[in-house]
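Predicted, not measured: the structure shown is a model, and the values here were computed from it. Chain letters run A, B, ... following the sequence lines, proteins first and then strands; every chain starts at 1.
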Number of protein chains: 2
Amino acid sequence: MVGVIGDGVVAGDADIAPVAALMGEPARAAVLMALLDGRALAASTLAAEAGVAASTLSAHLARLVDGGLVSVEASGRNRYFRITRPEVADTLEALARLAPCRPVRSLRQGTHAEAIRHARTCYDHLAGRLGVAVCDALVAAKVLGVEEDPGGRPDPVLGAGRSRRYVLTKSGRARLAELGVDVEATGRRPLTRYCLDWSEQRPHLAGALGASLLARFVELGWVTRGERRVVKVTDAGRKGLVAEMGVDPDAWA
Amino acid sequence: MVGVIGDGVVAGDADIAPVAALMGEPARAAVLMALLDGRALAASTLAAEAGVAASTLSAHLARLVDGGLVSVEASGRNRYFRITRPEVADTLEALARLAPCRPVRSLRQGTHAEAIRHARTCYDHLAGRLGVAVCDALVAAKVLGVEEDPGGRPDPVLGAGRSRRYVLTKSGRARLAELGVDVEATGRRPLTRYCLDWSEQRPHLAGALGASLLARFVELGWVTRGERRVVKVTDAGRKGLVAEMGVDPDAWA
DNA sequence: CTCACACTTCGGGGCTGAGCGAAGCGTCCC
DNA sequence: GGGACGCTTCGCTCAGCCCCGAAGTGTGAG
């Protein structure tokens, strides 16, 4: 009756295999991880990142675009690729949480590994120890409240499946506005999102607010975005984060 | 060969490719989806589910175990496989949320895709719009309460997702028994399980109770199981679900 | 003890797809 | 316009692994 060989997964069922296979090839995985900070990178940059020939990478990128994980934007003779949706980044982070860290092969790689655990960008918001510390500070200052996610009703798409969520308090909204954080800049995106950090195994703040927060930090010159998702905190940033944000300096330094 | 390894991917960064590749093969993906509800299934069951020979599946299972996604428990001459950690299920669900974005390739697939989104079985319980609607009705009628899950793993701060669960209330137990649902038929299986629906992006009821509920619906002739997990609601079922269960007819019709 | 069953291991066949270089097409710069 | 640059397409090779059936190991039932 059924007996269809090679068609084990039923059409219409959630067919995770194709998507997972896209992420399961080393070169493509490297591309996706490189794009995880939300920036758009040129094909040549990504080829160097993945360590394969341009022609090889071109094929990979075509498949990623076809699979809806990555979108293209042509600009002159360059084509810039970026991750299409936050859900893709979510999935990559979920996989990262599952994956063992690759062994460290050199001192340089070791220091970078340390740096990226210290402070990095995750798609478009802060992560690493700094991201967690900032998030903790926001909760401690009651800028954010943590509440249980009533995961049934209101949120049609995002937020479901997350057991807890952050809500921006009234006083928190005022406080962030005072700091110049664009609290209103949320499109269809949820303002806050509870995002588990793969290196710290603790939550940090994602969503539109997480993005606005990072943008403002950069604007203030508190942090600078370095190579490969690494984030550096400036002297002014160190002071500002402690004085204005109430971040515990020991928690991330 | 040392030089072949691209230094593009940073040591210490998470290497998602091997894990994603494990999930990216159709037979293994089918296995993982079958185990998604937390049950432990025998190898032969999984072979039928994946539609491959026992020997083929054995190799797949060995790789899944080796990769830490699945654990084995030998019992007599059977070996039962289950998903090791909630993080694995989280990742599978993240992938499933990404997967439905594929375009529908044929009309026939389209109608089947619609049917399966309407009402289907998720291995042994109801899912799709009907599954969500029934679950909503149970919560609204206070047959089920939603509470935070204290449980399971010794986690540093927060459990990695899945920390909410349904509990059967006292009155709910009586009400279901009245309907003829076998409330006691739970082996080692958790009575209820909070399961996010991939097509509806909202939770529905899994676990032993979800299974008993479906069994009773079938017994009552309210629903019939069709091909490929599609569930059809009979006329009697339509009436019964609305009258007895308090399901909102607009929510799933 | 013997058969039946569940699962694994082994050997071989077949196909997908990842890889590269060369060539083609379009864009930007001098 | 000519040339450099960025990217894609094409043709090809080769490795990996997915698959099966048959044989081997261990357990349970009669």
Side-chain angles (χ1 to χ4, degrees), chain A residues 2-9 15-32 34-35 40-67 69-82, chain B residues 1-6 8-9 15-32 34-35 40-67 69-82:
Chain A
V2 178
V4 183
I5 299 173
D7 194 16
V9 179
D15 194 1
I16 67 167
V19 187
L22 281 177
M23 300 177 173
E25 199 281 327
R28 287 194 296 263
V31 165
L32 290 169
L35 294 174
L41 298 179
S44 53
T45 309
L46 292 170
E49 190 74 28
V52 295
S55 60
T56 301
L57 196 88
S58 182
H60 284 310
L61 287 171
R63 295 185 66 179
L64 288 173
V65 171
D66 187 59
L69 299 184
V70 161
S71 59
V72 207
E73 193 179 337
S75 170
R77 59 184 170 185
N78 292 316
R79 297 183 77 199
Y80 293 94
F81 296 83
R82 69 169 68 235
Chain B
M1 63 157 287
V2 181
V4 176
I5 298 175
V9 179
D15 191 5
I16 66 168
V19 187
L22 281 177
M23 299 177 174
E25 198 283 324
R28 287 194 296 264
V31 166
L32 290 168
L35 295 174
L41 298 180
S44 53
T45 310
L46 292 169
E49 187 72 33
V52 295
S55 60
T56 301
L57 196 88
S58 182
H60 284 310
L61 287 172
R63 294 183 66 178
L64 288 173
V65 171
D66 187 59
L69 299 184
V70 161
S71 60
V72 206
E73 193 179 338
S75 170
R77 59 186 170 184
N78 291 316
R79 296 183 75 201
Y80 293 94
F81 297 83
R82 69 168 69 238

Visitor: For B:Leu57 and D:dC19, what is the distance between atoms CG and P respectively, to the nearest whole Å?
Guide: 9 Å
Visitor: Which whole-number value in Å describes the distance from A:Asp66 CG to D:dT8 C1'?
Guide: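 It works out to 15 Å between those atoms.
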Visitor: Relative to the 5' end of DNA chain C, which residue comes earlier, B:Arg77 or B:Phe81, by the nucleotide with the nearest heavy atom?
Guide: B:Arg77
Visitor: Looking at every non-hydrogen atom in both residues, tell me the closest pair between A:Ala42 and A:Tyr80 and how far apart they are.
Guide: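 For A:Ala42 versus A:Tyr80, the nearest heavy atoms are N-CD2, 3.6 Å.
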Visitor: B:Ala43 near the nucleic acid: base, sugar-phosphate alone, or nothing, with a heavy-atom cut-off under 4.0 Å?
Guide: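 Sugar-phosphate only.
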Visitor: Given that A:Asn78 and A:Ala59 both sit by DNA chain D, which one's nearest nucleotide is further toward the 5' end?
Guide: A:Asn78
Visitor: With distance as the sole criterion, do the side chain of B:Ser55 and the base of D:dG21 form a donor-acceptor contact below 3.5 Å?
Guide: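 Side chain to base: pair present.
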Visitor: Do B:Val70 and B:Arg82 make a side-chain contact, defined as non-hydrogen atoms from C-beta onward lying under 4.5 Å apart?
Guide: no
Visitor: Of the nucleotides D:dC20, D:dC18, D:dC7, which has the atom closest to the B:Thr56 side chain?
Guide: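 Comparing D:dC20, D:dC18, D:dC7 against the side chain of B:Thr56, the answer is D:dC20.
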Visitor: Which is true for A:Ala62 with a 4.0 Å heavy-atom rule: it touches a base, it touches only sugar-phosphate, or it touches nothing?
Guide: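 It contacts nothing in the nucleic acid.
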Visitor: First locate atom OG1 of B:Thr56, then atom NE2 of B:His60, and finally report the distance between them rounded to the nearest 0.5 Å.
Guide: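 Here the rounded value is 6.0 Å.
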Visitor: Between A:Val72 and A:Leu61, is the side-chain contact (heavy atoms from CB on, under 4.5 Å) condition met? List the steps.
Guide: CA-CA 9 Å; A:Val72 207; A:Leu61 287 171; over 6 Å; no
Visitor: Looking at A:Val65, A:Leu64, A:Leu41, which hits side chain to side chain contact (heavy atoms under 4.5 Å, CB included) with A:Phe81?
Guide: A:Val65
Visitor: Rounding to a whole Å, what distance do you find between A:Glu25:CD and D:dA15:P?
Guide: 17 Å
Visitor: Of all heavy-atom pairs between A:Ala27 and A:Ala50, which one has the smallest distance, and what is that distance?
Guide: O-CB, 3.8 Å
Visitor: If you compare every side-chain N and O of B:Arg28 against the phosphate oxygens of D:dC18 (OP1, OP2), does one of them come in below 4.0 Å?
Guide: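 Affirmative; the distance criterion is met.
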Visitor: Taking the side chain as every heavy atom from C-beta outward, state whether B:Glu73 and B:Arg79 have any pair of such atoms under 4.5 Å apart.
Guide: no
Visitor: Can you see if the side chain of A:Arg79 gets near the phosphate of D:dT8 - specifically, an N or O under 4.0 Å from OP1 or OP2?
Guide: yes
Visitor: With a 4.5 Å limit on heavy-atom distance, are the side chains of B:Leu69 and B:Met23 in contact?
Guide: yes
Visitor: Angle between the two end axes of the helix from C:dC1-D:dG30 to C:dC30-D:dG1, five base pairs per end, rounded to 10 degrees?
Guide: 30°
Visitor: Report the distance from atom OH of A:Tyr80 to atom C1' of D:dT8, rounded to the nearest whole Å.
Guide: 17 Å
Visitor: Do B:Arg28 side-chain atoms and B:Leu57 backbone N/O form a donor-acceptor pair below 3.5 Å?
Guide: no
Visitor: Can you give the first and last nucleotides of DNA chain C, 5' to 3', that have an atom under 4.0 Å from a heavy atom of chain B?
Guide: C:dA4 to C:dT9
Visitor: Taking the side chain of A:Ser58 as its heavy atoms from C-beta onward, which of D:dC7, D:dT8, D:dA22 lies nearest to it?
Guide: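 Ranking D:dC7, D:dT8, D:dA22 by closest atom to the A:Ser58 side chain puts D:dT8 first.
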